[in-house]
Number of protein chains: 2
Amino acid sequence: MDVNLNRRPVPKPDMISNPCAACSVRDMSICSVLNGDELREIASIATTLEFSPHDPIIDEGEPAEFLFNVTGGTVRLYKLLPDGRRQITGFLCNGDFMGIAVNQNYAYSAEAVDRVKVCRFARNRLETLLDKYPHLEKRMLGMASNELIQAQDQMMMLGRKTAKEKIVTFLLSLSQRQVKVGGKASPVALPMSRTDIADYLGLTTETVSRTFSLLKRDHAIRIEEGGMISLPDIDSLQQVADGY
Amino acid sequence: MDVNLNRRPVPKPDMISNPCAACSVRDMSICSVLNGDELREIASIATTLEFSPHDPIIDEGEPAEFLFNVTGGTVRLYKLLPDGRRQITGFLCNGDFMGIAVNQNYAYSAEAVDRVKVCRFARNRLETLLDKYPHLEKRMLGMASNELIQAQDQMMMLGRKTAKEKIVTFLLSLSQRQVKVGGKASPVALPMSRTDIADYLGLTTETVSRTFSLLKRDHAIRIEEGGMISLPDIDSLQQVADGY
DNA sequence: CGGTGCATTGATCAGAATCAATGATCGTGG
DNA sequence: CCACGATCATTGATTCTGATCAATGCACCG
């Protein structure tokens, strides 16, 4: 997913005067509701950062000083129990906003899955902007609503679906996400490890692996070059995911 | 949707001029940020309704015409799979807002657990008010944030906790809720059935029942008059809930 | 080449589900 | 007022899904 390994892109002229205007994920992010001047203003409080795989981005419990917009790569959000059990609450990518669910302190941790680019805002300065631009605040509320809906689907998955249903639901959600950002539905990229998938679905790595093997055997999925997974019959997978 | 079975309550005098000012849950609800005039205004677009146990309040998939504030009783939010498996995504009570996680259509269903009172707003009229009063919108965003944090805790519970940990976590959350609305921590009221608890925790009724028996045997909980559950040692229960 | 980390596969186990029966509670009507 | 039925909760016996324990395979990299 945009693994820009070595060099960073050479800034184009318009990126210097108004970098956010040239942002590739602007349409999907909170920034989609901002006009040119507003974009310039938000650019002035934004810092772009890059993270390597496994780098921590935020730590649960720390003061919530910053909010983030993911502009490249994949981020995992997770919580830990004292004995080390981990629940990944979501994978974020292009355009996703990180830090809505925050009071004084972060309620979860975040790490880079692959090479990640983010846009970072100081919390208090972003809040000033929110006060100034109610339509930005409205946009945030809209994004929070969507996250809540997703969270409920996730609860259904964790509480009531079988291992097979979970895996298929997961693959379909990745597929839909790819479509939403303008990609193809079928060969799905899996940047995260089996352990990550397990901790997201409430399973173990072994069960994830076995379930993949099962789906392969039944020709419900096929492994392509570079670990991409193709979904030959999305409709029938959707039936499986919904428990029919 | 509007299943107001018999009669509605007789309004008291102050409820007529400004019913919301007298609302017992105002401090906890979205309305806490509104002043006298604003309260009068929101009152003008609000309808109070009552529901009996098991009455449907909203239906997943229906157009999201209304939003609600719970002012009494307990509401269960849930989603269903086609084969009938149910996941309860939350129990709402006094002061909770219902409908943040809503686009054009409701993303979940809601039913009355016991006798429920709500304040109902037409969605479009409430949105007009949100545009007019940015601090109300800010309040909504704050409530949405809190719901997201809760949702993440819920995911951790569903995905990674054992049956015993789930039940104890659940009891403690009820206890904390009681404290938040000004009640006592220890004898906890359980208005919902074992089946509801099971569908909330991703368990079966039998497992819920067995786990209660286990906790009773170990003197971790005690059943009081009227089905109230007392928690003799909240600190040690907290240890269990956190998986130590 | 050998090491390290990740994925797969196998064997066994355990926690919770399922199937089944009994018990408690409550509302209703005789 | 009691008896009956309905609903819900509890308990027991058994099954089964997914976890755990363990070994092997595979790819990447110094």
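Here the structure is a predicted model, which means the values were calculated and not measured. Labels below follow one simple rule: chain letters A, B, ... track the order of the sequence lines, proteins then strands, and each chain is numbered from 1.
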- M157(A) CE to dG18(D) P: how many Å, rounded? 13 Å
- Walking DNA chain D from its 5' end, the first of R160(B) and H54(B) to be reached, judged by nearest nucleotide, is H54(B)
Report, one pair per line, the protein and nucleotides 9-14 of chain D atoms (nitrogen or oxygen only) whose separation is under 3.5 Å.
unit_1	atom_1	unit_2	atom_2	d
dA9(D)	OP1	R194(B)	N	3.1
dA9(D)	OP2	R194(B)	N	3.3
dT10(D)	OP2	R194(B)	NH1	2.7
dT10(D)	OP2	S209(B)	OG	2.7
dT10(D)	O5'	S209(B)	OG	3.0
dT11(D)	OP2	S213(B)	OG	2.3
dG12(D)	N7	R210(B)	NH1	2.8
dG12(D)	O6	R210(B)	NH2	3.2
dA13(D)	N6	R210(B)	NH2	3.4

- Would you tell me whether E111(A) and Y78(A) have side-chain atoms, one donor and one acceptor, within less than 3.5 Å of each other? yes
- Message: Is it the case that the side chains of K161(A) and T169(A) hold a donor-acceptor pair, with the cut-off being a distance below 3.5 Å and no angle test?
- Response: yes
- Can you tell me the distance, in whole Å, between the CG atom of L214(B) and the C1' atom of dG15(C)? 13 Å
- Query: What nucleic acid atoms does G202(A) come within less than 4.0 Å of, heavy atoms only: base, sugar-phosphate, or nothing?
  - Reply: sugar-phosphate
- Query: Between atom CD1 in I167(A) and atom P in dT8(C), what is the gap in whole Å?
  - Reply: 11 Å
- Message: From CG of D83(B) over to P of dT18(C), roughly how many Å is that when rounded to an integer?
- Response: 11 Å
- Please give, in whole Å, the distance from dA16(C) P to K164(B) NZ? 11 Å
- Item | Cationic tip of R177(B) above F91(B) ring, under 6.0 Å, 45° of axis | no
- Interatomic distance, CG@L215(A) vs CG@L171(A), rounded to 0.5 Å, equals 7.5 Å
- Item | Atom-to-atom span, CG of L201(B) to P of dA16(C) - whole angstrom | 12 Å
- Answer yes or no: does a side-chain N or O of T204(B) lie under 4.0 Å from OP1 or OP2 of dA17(C)? yes
- Message: Checking R115(A) against S52(A): is there a side-chain donor and acceptor pair closer than 3.5 Å?
- Response: yes
- Rounding to a whole Å, what distance do you find between I223(A):CD1 and dG25(D):C1'? 16 Å
- Item | Qualifying residue, where the test is side chain to side chain contact (heavy atoms under 4.5 Å, CB included) with Y200(A) and the options are R76(A), Q154(A), R86(A) | Q154(A)
